[in-house]
J.: 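Next up is a structure, given as structure tokens.
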Amino acid sequence: MRSERSLRLLPALIVAVILTGGILLYAFLLYLTTPDSAETLQSIIRENRPVVLFLLLLTAGVPAWLVYQLIQIRIGPVGRLADASTLLKQNMPPETGPPTGIPEIDRIASGLKDASELLRDQQQRLDRELKQASTRLSSERDVLSAIVNQLARGLIVTNSEAQILLFNDAAGRMLSYSELSPPVYLGLGRQLGRILDERLVSWAMQESVRRTGDEGVSFITTTAGNRLARVQVLPTTHEPTAGSGFLFFVNDVTELKSTQDQSSRFADEGIRKVRDSVAGIRSAAENLREYPDTDPKMQQRFYELILDESEKIAGIVLEHQAGHEERAKSDVALSLVSTDELFGLLRNMEGELEHQPEIGDPDEELFLHADAFTLPVGLLFLGKSIAEATGKIPELKTGKHDGYVRLSWMWKGEEILTEVAESWFEARPSVGGLQVPYPLSEIMQHHRAEWWQKTSDGGLCELSVILPMAPERPKSATPAAPEKQRAEFYDFDLFNQRADADTLKIRLDAITATVFDTETTGLNPTGGDRLISIGAIRIVNGKPDTNQQFDRLIDPGRRIPASSTAIHGITEDMVAGKPGAKKVLGDFSHFCADDPLIAHNAAFDMRFLELERANPDHFRQPVLDTLLLSTVLHPNLEGHSLDVLAERFGLETGTRHNALDDTLLTAALFVKLVPLLRSEGIVTIEDALRASRESLYARLRY
């Protein structure tokens, strides 16, 4: 392409060389001749200046004209054929143009057409064979997809960098909130840390790899919809490989927690009723013992009172037992944890504490049912609070206590005031960037735990938490040899992408980006025209994902000319009451996240975004322009509008001048351009940006 542009400058270069040569020849003659002869020569040239200039221009112009005609006749058609030949790679008929009259070139054009037809026939035959071969695989994939979507709890699969590869409908309902401000989008290729607490996601991934059990790691967090979710994290493999990733199982436990709260209130109420009944029984029994000669009728009343209160106690016990059994069936937030594992969790979490308590090894391995996130955070919160209140570094100890596991913070110094300790249990515990979304007292209730504080004679203070002891985990059998290969139902290419890679080095055929288009009141952004619509779709791993779309109308705050409505069909009534551009562009920035942007004639759309965005830091990512990329590939072909390119590449146009439909068309066009760009050595985003800057169209400004 560079050599062709250089050839087109050749006529001008010839003219410049001949004119320069004539001037140098004239100067050389003046130098060689005597003064009298030089004067005579100058006089002749002055008297015949028009003739001399005509001869000089004729001498320069004729060769330049001949070279220009040669380029137009010979080089131009060859350039068009070269551009047209690249369309063969996309199985498109080459645009060879009309016959040139030059037998050799027309023969090449005819050969290209014949090759195009032959290639198209072979491609159609190959497509039929591939379709037949993929039918069974597609059926299996659909069955798997149906099964995954039937799961009652949410399932999200990520790669090792927490980039989402797959999610089911249940996860989408629990975690995606496009109507919020700012919106939250659950979609392929997005970072899970932008949807759930990033610190919790990172901690759980690291901890699940460290632990070797089958239960993984769990934590409870608040979703963007202000719901409580219990998240269980399992690694796809405990060995770090290129294809490793994580499974995130998500349960909405808002109602479960409410049930547990009701259970706690029921237990408190039941204890109060039992206490009242026991007091009545005790009073009646004492009267019978102290007054054996009481009137028989009065004795009978005491006996009936004892019987009635006993039946009340039995009813309370049975009711509580039935409720406990029902709640036990739905309590999925606790898993079997050993004190060794618990201390490992504590050590991993304590690194960011300013006042670090001392966590060694447990005295013996005991087992308990615990939430592997809220309990460690709660314990560390107590240790941190003790250190801050006393200036002493407490040490964590374990022990048994009548069927309970005792976890004790111990330090030498002054005892904590009861009021202060109680205030800790009413606070929401946090450690570094990790925070539990409800008070420590609720963690204690959920674990059926109690706490106390005491001081020994030697000045050793102790704040202890006791939890019910669980039976020891059964010893697992010798693990079976791993299968040589895991069955693959999906091609998770995103497993191999790294979110922290240099964006400019990302390959175009593996790009995750946002394609967008706008509709406006007119074509002059600096002259007062405004956005009235924006549509977008994400490309994930080089393929358009039609499930991730953004389509919004915008109130421009001004009238929409009838001439503009005639093009895009958007009227003033349609945008009345819609949000303004700053609100919609804020939501759009959340939809894009840090994706590179793709548009057709992007300079136009980006100018509107820059003028109307609320945050100057938004939309700073790289921008690829399919118009520029098309001119880079085919500088000799006429027409690079979206309509012309759609026809050139055989794309369905849909409803034109609708922001979302134009976005879908642009995304399909980009996918078509990528293999052609690769054949020209344009492989990465950086390559595409560099090549685009060399296009003459890159000089367009709005």
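Since the model is a prediction, treat every value here as computed from it, not as a measurement. All values below were derived from every heavy atom in this structure, side-chain atoms included, with hydrogens, water molecules and symmetry-related copies excluded.
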J.: Parallel, tilted or perpendicular: which one describes the rings of Phe588 and Phe516, with boundaries at 30° and 60°?
T.: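 Tilted.
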
J.: Testing the basics here: between Asp587 and Pro182, what is the closest heavy-atom pair and its distance to 0.1 Å?
T.: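 Shortest heavy-atom contact: OD1-CA, 4.4 Å.
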
J.: Regarding Arg507 and Asp509, does a basic nitrogen lie under 4.0 Å from an acidic carboxylate oxygen?
T.: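 Yes, Arg507 and Asp509 are salt-bridged.
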
J.: Are any non-hydrogen side-chain atoms of Gln621 and Asp594 less than 4.5 angstrom apart?
T.: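 The answer is no, as the side chains (C-beta and beyond) never meet within the 4.5 Å cut-off.
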
J.: Indicate yes or no: at least one non-hydrogen side-chain atom of Arg648 is less than 4.5 angstrom from one of His640.
T.: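 Yes, close enough: below the 4.5 Å cut-off.
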
J.: What is the minimum heavy-atom distance between Ala513 and Pro596, and which atoms define it?
T.: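 In this case the closest contact between Ala513 and Pro596 is CB-O, 3.2 Å.
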
J.: Tell me whether the rings of Phe373 and Trp203 are parallel (<30°), tilted (30 to 60°) or perpendicular (>60°).
T.: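 Judged by the thresholds at 30° and 60°, the geometry between Phe373 and Trp203 is tilted.
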
J.: Check Arg538, Arg194, Arg620 against Asp595 for a salt bridge (charged side-chain N to carboxylate O under 4.0 Å, His left out) and give me the one that passes.
T.: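 Per the salt bridge (charged side-chain N to carboxylate O under 4.0 Å, His left out) rule, the option paired with Asp595 is Arg538, out of Arg538, Arg194, Arg620.
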
J.: Can you tell me how far CG of Leu531 sits from CG of Asp555, rounded to the nearest 0.5 angstrom?
T.: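 Asp555 CG to Leu531 CG: 12.0 Å, rounded to 0.5 Å.
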
J.: Is the NZ or CZ atom of Arg230 positioned over Phe249's six-membered ring, under 6.0 angstrom from the centre and within 45° of the axis?
T.: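 No; the conditions do not both hold, so Arg230 does not lie above the ring face of Phe249.
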
J.: Taking the side chain as everything from C-beta on, heavy atoms only, tell me whether Phe246 gets closer than 4.5 Å to Val201.
T.: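 Answer no - side chains too far apart.
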
J.: For Asn524 and Thr526, test the side chains for any donor-to-acceptor distance below 3.5 angstrom and give the result as yes or no.
T.: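 Their side chains do contain a donor-acceptor pair, which is all the 3.5 Å distance test asks for.
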
J.: Taking the side chain as every heavy atom from C-beta outward, state whether Ile560 and Met574 have any atom pair closer than 4.5 Å.
T.: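 When only atoms from C-beta onward are counted, Met574 and Ile560 do not touch, as no gap falls below 4.5 Å.
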
J.: Does one side chain, of Thr520 or Asp529, offer a donor that lies under 3.5 Å from an acceptor on the other?
T.: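 No, because no side-chain N or O of Thr520 sits under 3.5 Å from a partner of the opposite role on Asp529.
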
J.: Are the side chains of Leu188 and Asn547 in touch, meaning some heavy atoms are under 4.5 Å apart?
T.: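 The answer is no; the side chains never approach within 4.5 Å.
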
J.: Does any non-hydrogen side-chain atom of Leu645 lie less than 4.5 Å from one of Lys672?
T.: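 Sidechains of Leu645 and Lys672: no contact.
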
